[in-house]
Amino acid sequence: MTLRCYVVDDEEHALDTVSKYIRQTPGLELAGTNTNPLAALDEITTRDRDIDIVFLDIDMPELPGITLAGLLNDLVSIIFTTAHPQHAVSAFDTGAVDYLIKPVSYERFLKAVTKLRDRRRFPRDRTGDFFVQTDGKRTHLRIDYERLDYIESADDYVRLHIGPATYLSHLTMKEMEAALPKQLFLRVHKSYIINLSKIASLENWQLQLTDGTMLPVGRSYRNVIMAIIRQKLVKGSQG
């Protein structure tokens with residue numbers, strides 16, 4: 001079975017190297033490349049034919065590869081490429097199949113592809129939990145991913161909204177964004193991170209959650225949220 005591959009890297013020479021490896025490997029087909037991760041996200045999620053593997057650079061200014069991987073996790077298998085070994089833990093935390101250090105050798109490339117063939121479409125567990133300190137750090141509160149509706153910035157704190165309850169924790173939005181699984185949670189505004197499973201509708205860049213809460217989508221986050229919606233959009237014959 002031929003596996004269709006897509007390469008995303010903002011460095012042309014690195015993109016060309018992995019593309020060359022794909023072309024010379026039996027059973028692989030180069031379906032596309034892009035130096036812009038946002039454009040790649042749009043193309044991968046709107047293609048008529050499925051992409052099986054995305055070779056993805058981690059260090060890209062428009063959209064970090066870790067974030068992009070989280071958005072694509074249900075659609076494709078991910079193999080990361082980067083020049084920075086310190087990102088390995090974060091990369092594997094996304095459920096990526098493998099992690100290639102630049103400059104990538106063909107031997108190491110083949111090893112990653114073989115590993116992928118053995119565990120293609122590996123399902124990622126969508127359940128889980130985490131702890132935060134609340135009540136002036138006197139309480140350690142366990143929060144299940146599936147119960148958390150959204151997170152709101154509150155000066156030097158964040159408010160975690162779980163149904164009718166709200167919990168205040170001395171954390172930053174950046175710290176929360178880094179700690180949460182990228183395939184489950186998405187920052188949609190400088191002041192809001194949402195649980196993707198809680199989206200009920202989007203109209204005029206206002207998100208309505210399943211509990212009726214209305215949240216704005218910031219201008220810089222609109223391309224990402226629309227790409228997510230297009231992944232599951234049912235289209236009629238008239239487009």
Side-chain angles (χ1 to χ4, degrees), residues 36-42 45 58-74 87 90-91 93-95 124 126-233:
N36 185 310
L38 286 172
L41 175 64
D42 181 68
T45 56
I58 287 181
D59 307 288
M60 295 180 289
E62 296 88 354
L63 183 69
I66 296 290
T67 302
L68 179 55
L71 299 175
L72 295 174
N73 201 57
D74 286 342
H87 292 313
S90 297
D93 190 49
T94 67
R124 183 177 175 86
R126 289 186 168 272
T127 63
D129 55 41
F130 63 98
F131 283 84
V132 294
Q133 290 180 305
T134 63
D135 191 24
K137 297 187 178 181
R138 291 189 297 271
T139 301
H140 290 78
L141 180 69
R142 185 175 74 89
I143 298 176
D144 294 323
Y145 292 150
E146 60 187 25
R147 294 182 58 235
L148 178 58
D149 298 316
Y150 68 100
I151 299 167
E152 178 184 9
S153 175
D155 296 324
D156 294 331
Y157 294 78
V158 293
R159 291 192 182 95
L160 297 100
H161 295 262
I162 303 174
T166 300
Y167 302 95
L168 195 65
S169 184
H170 195 197
L171 293 164
T172 67
M173 292 290 282
K174 184 176 181 180
E175 288 168 339
M176 287 303 308
E177 186 178 14
L180 293 168
K182 302 300 187 292
Q183 80 279 12
L184 300 182
F185 294 89
L186 179 70
R187 192 163 186 173
V188 297
H189 188 275
K190 66 179 182 179
S191 298
Y192 299 105
I193 297 171
I194 64 165
N195 185 331
L196 290 169
S197 70
K198 305 293 184 176
I199 296 175
S201 65
L202 172 66
E203 183 176 359
N204 295 326
W205 301 117
Q206 292 289 316
L207 277 171
Q208 182 174 352
L209 305 187
T210 52
D211 66 355
T213 300
M214 300 296 295
L215 299 176
V217 178
R219 185 175 299 276
S220 61
Y221 302 91
R222 293 177 181 179
N223 286 340
V224 176
I225 195 69
M226 283 308 302
I228 291 172
I229 289 174
R230 280 196 294 266
Q231 291 178 15
K232 298 185 177 182
L233 183 64

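Fair warning: this is a prediction, and the values are worked out from it, not measured in the lab.
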Among all residues two or more places apart in sequence or in another chain, which pass the side chain to side chain donor-acceptor pair (under 3.5 Å) test with [X]?
{"X": "T139", "answer": "none"}
{"X": "E177", "answer": "R187"}
{"X": "T213", "answer": "D211"}

Kindly list each side-chain donor-acceptor pair under 3.5 angstrom involving residues 162-172, sequence neighbours excluded, with atom names and distances?
unit_1, atom_1, unit_2, atom_2, d
T166, OG1, H161, ND1, 3.4
S169, OG, Q133, O, 2.8
T172, OG1, E175, N, 3.0
T172, OG1, E175, OE1, 3.4

[X] to [Y] - nearest heavy-atom pair and separation:
{"X": "P37", "Y": "M60", "value": "CB-CE, 3.8 Å"}
{"X": "D149", "Y": "L209", "value": "O-CD1, 4.3 Å"}
{"X": "S153", "Y": "K190", "value": "CB-O, 4.5 Å"}

Test salt bridge (charged side-chain N to carboxylate O under 4.0 Å, His left out) applied to D144 - qualifying residues, sequence neighbours left out:
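Residues passing salt bridge (charged side-chain N to carboxylate O under 4.0 Å, His left out) with D144: R142.
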Could you check if a side-chain atom of [X] sits within less than 4.5 angstrom of a side-chain atom of [Y], using non-hydrogen atoms only?
{"X": "V132", "Y": "I143", "result": "yes"}
{"X": "L72", "Y": "T45", "result": "yes"}
{"X": "I225", "Y": "I199", "result": "yes"}

Sorted by first residue and then second, give each ring pair (Phe, Tyr, Trp, His ring centres under 6.0 Å) pair with at least one member in residues 190-222; sequence neighbours left out.
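As it turns out, the ring pair (Phe, Tyr, Trp, His ring centres under 6.0 Å) pairs with a partner in residues 190-222, which skip direct neighbours, are H189-Y192.
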Using only atom types and a distance under 3.5 Å, with no angle test, would you say the side chain of N36 pairs donor to acceptor with the backbone of L38?
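Yes, the answer is positive, given that a donor and an acceptor are paired below the 3.5 Å cut-off.
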For the side chain of N195 and the backbone of R147, is there at least one donor-acceptor N/O pair under 3.5 Å apart?
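No; zero donor-acceptor contacts below 3.5 Å.
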From [X] [atom1] over to [Y] [atom2], what is the distance, rounded to the nearest 0.5 angstrom?
{"X": "L180", "Y": "L148", "atom1": "CG", "atom2": "CG", "value": "7.0 Å"}
{"X": "I58", "Y": "L68", "atom1": "CD1", "atom2": "CG", "value": "11.0 Å"}
{"X": "E146", "Y": "D129", "atom1": "CD", "atom2": "CG", "value": "10.0 Å"}

Go through the steps for V158 and I193 under the test side chain to side chain contact (heavy atoms under 4.5 Å, CB included), then give the verdict.
CA-CA 10 Å; V158 293; I193 297 171; over 6 Å; no
Go through it in stages, so that I can follow the logic: the residues are Y150 and F185, the test is side chain to side chain contact (heavy atoms under 4.5 Å, CB included), and I'd like the CA-CA distance, side-chain angles, deciding distance and then a yes or no.
CA-CA 8 Å; Y150 68 100; F185 294 89; over 6 Å; no
Atom CZ of residue position R222 - does it have more than 12 heavy atoms of other residues, nucleotides or ligands inside 6.0 Å?
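Count over threshold, so yes.
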